[in-house]
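Please read the structure below before turning to the comments.
Being a predicted model, the structure only gives us computed values, none of them experimental. Reminder, nothing fancy here: chain letters follow the sequence lines and each chain counts from 1.
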There are 2 protein chains.
Amino acid sequence: MSELQTLFDNGHQHYLPHLSVDCVIFGFHDNELKVLLLESWYTKDKVLPGGFVGQQESLIDAATRVLKERTGLNNVFLSQFEVFGDPQREQHKFSGNVLQQNGIDAAGSWLLDRFISIGYYALVEYSKVHPQPDAASTCAWWPVNDLPTMYIDHGLMITKALEKLRQSLHFQPVGLNLLPKKFTMPQLHRMYETLFGMPLDRRNFQRKIMATGIIQQLPEKVKGVAYKAPHLYQFKTRQYQKALQAGLFLL
Amino acid sequence: MSELQTLFDNGHQHYLPHLSVDCVIFGFHDNELKVLLLESWYTKDKVLPGGFVGQQESLIDAATRVLKERTGLNNVFLSQFEVFGDPQREQHKFSGNVLQQNGIDAAGSWLLDRFISIGYYALVEYSKVHPQPDAASTCAWWPVNDLPTMYIDHGLMITKALEKLRQSLHFQPVGLNLLPKKFTMPQLHRMYETLFGMPLDRRNFQRKIMATGIIQQLPEKVKGVAYKAPHLYQFKTRQYQKALQAGLFLL
DNA sequence: CCAAAAGTGTTAATATTACACCCATGA
DNA sequence: TCATGGGTGTAATATTAACACTTTTGG
């Protein structure tokens with residue numbers, strides 16, 4: 001029996017019924033904010049990486065597990081941003097055709113039930129991610145400003161995640177999770193411009209961000225680039241974490 | 001058979017298993033922020049008003065229903081603020097004693113299972129609420145700064161709700177839901193001081209709040225009060241709603 | 001007519017914005 | 001040596017914070 005058929009038949013013995021976790025995984029690359037999407041066996045539309053919650057598993061552990069499966073990353077910044085529980089949201093989730101084509105007998109399966117999905121967004125370092133498609137799906141980055149057609153309400157989920165992320169920018173430092181350990185000021189600047197979706201004066205930006213005390217200039221500079229070599233910077237982890245807790249106004 | 005015994009036995013036929021909704025209901029009175037708490041049949045500790053989610057009911061509808069049951073109010077401002085799903089959170093929720101005393105046979109009941117609770121907070125007009133205890137519990141207001149011992153994680157829920165409410169103050173107007181239709185400037189001022197938990201210069205506050213354009217001074221004044229009679233004000237509903245959508249910076 | 005609270009105005013301090021200039025680099 | 005992008009400074013402007021004064025009212 002296929003692995004999928006087993007999930008349809010016996011998944012309810014391992015997972016909580018009616019409950020799923022979906023992850024909007026944000027990465028920053030080529031001056032664009034991107035999300036990691038799957039092309040799943042059961043739909044032509046793209047889906048968010050998601051999974052179910054083990055009967056004795058905490059929600060954050062479930063989200064962490066999904067993330068680990070898809071990106072290979074541990075220790076990722078995760079934030080629960082909204083629950084999607086409309087009774088109608090998954091009306092036509094499995095077309096009979098697709099089930100037939102995959103040789104699935106879904107009759108009476110728990111997977112046909114209504115699902116409440118808990119949305120998490122993750123901030124990950126793009127270059128460290130090696131998208132891991134499994135047997136049933138492919139996995140790739142998509143720019144948030146140019147998304148493909150998304151499965152049921154997954155497009156809405158991305159919109160909402162982005163909204164919450166943008167709000168949190170005003171209160172919390174961001175970047176430790178999206179950028180490599182060492183980065184340049186222009187990189188950080190462009191990241192903020194992208195997240196806010198508006199231009200920010202680079203000189204004023206630099207002054208402000210340095211004034212927060214969460215960033216440290218390193219003596220080293222980038223080598224082998226055209227024009228003037230930019231300094232490398234890194235986050236001061238202690239101060240960064242403190243600012244995460246206490247809040248911080250930037251812009 | 002008692003109504004409670006029926007819930008234990010047959011609730012799973014009407015409600016989604018493992019899933020509940022809890023409401024942190026905020027009211028403002030005597031210059032204090034208060035929450036509505038129940039004293040339930042199954043514990044000496046106070047509990048938040050909560051309920052279950054009907055199999056075809058949306059989450060917001062479930063929360064709205066709970067609110068209606070407890071406060072008699074419709075059209076209440078509700079915001080989903082966090083999900084509480086730790087596997088350990090309800091370890092000792094029913095002591096055997098209490099079940100026995102109430103003549104409940106809970107063996108094998110769905111209510112003993114693990115529950116994931118979706119937290120909503122509500123903003124209501126204190127004076128309009130007529131706390132409605134049901135057969136099994138009493139219902140009363142408690143100051144958030146002087147709470148009684150709370151059931152399992154319900155104290156944490158209040159803390160988190162307050163945190164989110166405070167954050168939202170920076171982005172969204174608040175007060176339409178917490179104050180009576182017509183109110184005085186000192187009332188509004190004290191409400192903001194209470195919510196922010198810090199003193200605000202009353203003169204600067206008035207200028208700022210008026211500058212937002214969401215408030216309107218009325219020609220009438222309060223009658224029969226000591227000292228100078230304050231004007232009455234009211235929210236400009238259209239502008240208020242617009243600010244709710246678009247965001248708004250106050251302080 | 002006095003004490004208490006409401007309403008309005010002014011000024012100093014601070015933060016934000018909009019710039020201009022110099023520097024380093026590789027082509 | 002020049003085009004390009006990185007790094008630093010400064011003046012104009014807007015916003016915020018800290019105040020003082022007048023008005024109204026009931027006792």
Original post:
Distance-only, no hydrogens or angles: does the A/H231 side chain make a donor-acceptor pair with backbone N or O of A/M185 under 3.5 Å?
Top reply: no

**OP:** Please report, rounded to the nearest Å, how far the P atom of C/dT16 is from the CD atom of A/Q206.
**Re:** 16 Å

Subject >> Shortest non-hydrogen separation from B/I158 to B/M150 and the atoms involved >> reply: CD1-CE, 4.0 Å

Subject >> Nearest-neighbour nucleotide for the A/K208 side chain, D/dG6, C/dT17, C/dT10 considered >> reply: C/dT17

**OP:** Please figure out whether B/Y227 or B/Y233 has its closest DNA chain C nucleotide nearer the 5' end.
**Re:** B/Y227

**OP:** Could you tell me the separation between the NZ atom of B/K221 and the P atom of C/dG7, rounded to a whole number of Å?
**Re:** 7 Å

Original post:
How close or far is atom P of C/dG7 from atom NE2 of B/H189, stated in whole angstroms?
Top reply: 12 Å

Original post:
Should B/H231 be listed as having a side-chain N or O under 4.0 Å from OP1 or OP2 of C/dA6?
Top reply: no

Original post:
Taking all non-hydrogen atoms of both residues, which atom of A/G175 and which atom of A/F235 are closest, and how far apart?
Top reply: C-CE1, 3.4 Å

**OP:** Write down the distance between CG (A/D201) and C1' (C/dT17), rounded to a whole number of angstrom.
**Re:** 8 Å

**OP:** Please name the pair of heavy atoms, one in A/K34 and one in A/Y126, separated by the smallest distance, quoted to 0.1 Å.
**Re:** CD-CE1, 4.1 Å

Subject >> Value in whole Å for how far the C1' atom of D/dA11 lies from CG of A/N204 >> reply: 13 Å

**OP:** Quickly work out the A/K223 NZ to D/dG6 C1' distance and round it to whole Å.
**Re:** 18 Å

Original post:
Closest to the B/P230 side chain: D/dG6, D/dT25, C/dA6?
Top reply: C/dA6

Original post:
For the side chain of A/R203, counting heavy atoms from C-beta on, which of D/dG6, C/dA20, D/dG5 is nearest?
Top reply: C/dA20

Original post:
In whole angstrom, what separates A/F205's CZ from C/dA18's C1'?
Top reply: 18 Å

**OP:** Can you tell me the distance, in whole Å, between the CZ atom of B/R190 and the C1' atom of C/dA6?
**Re:** 11 Å

**OP:** Indicate yes or no for a side-chain donor-acceptor contact from B/T43 to the backbone of B/D45 under 3.5 Å, with no hydrogens or angles considered.
**Re:** yes

Subject >> Candidate nucleotides C/dC23, D/dA18, C/dG7, ranked by approach to the side chain of B/R207 - the nearest >> reply: D/dA18

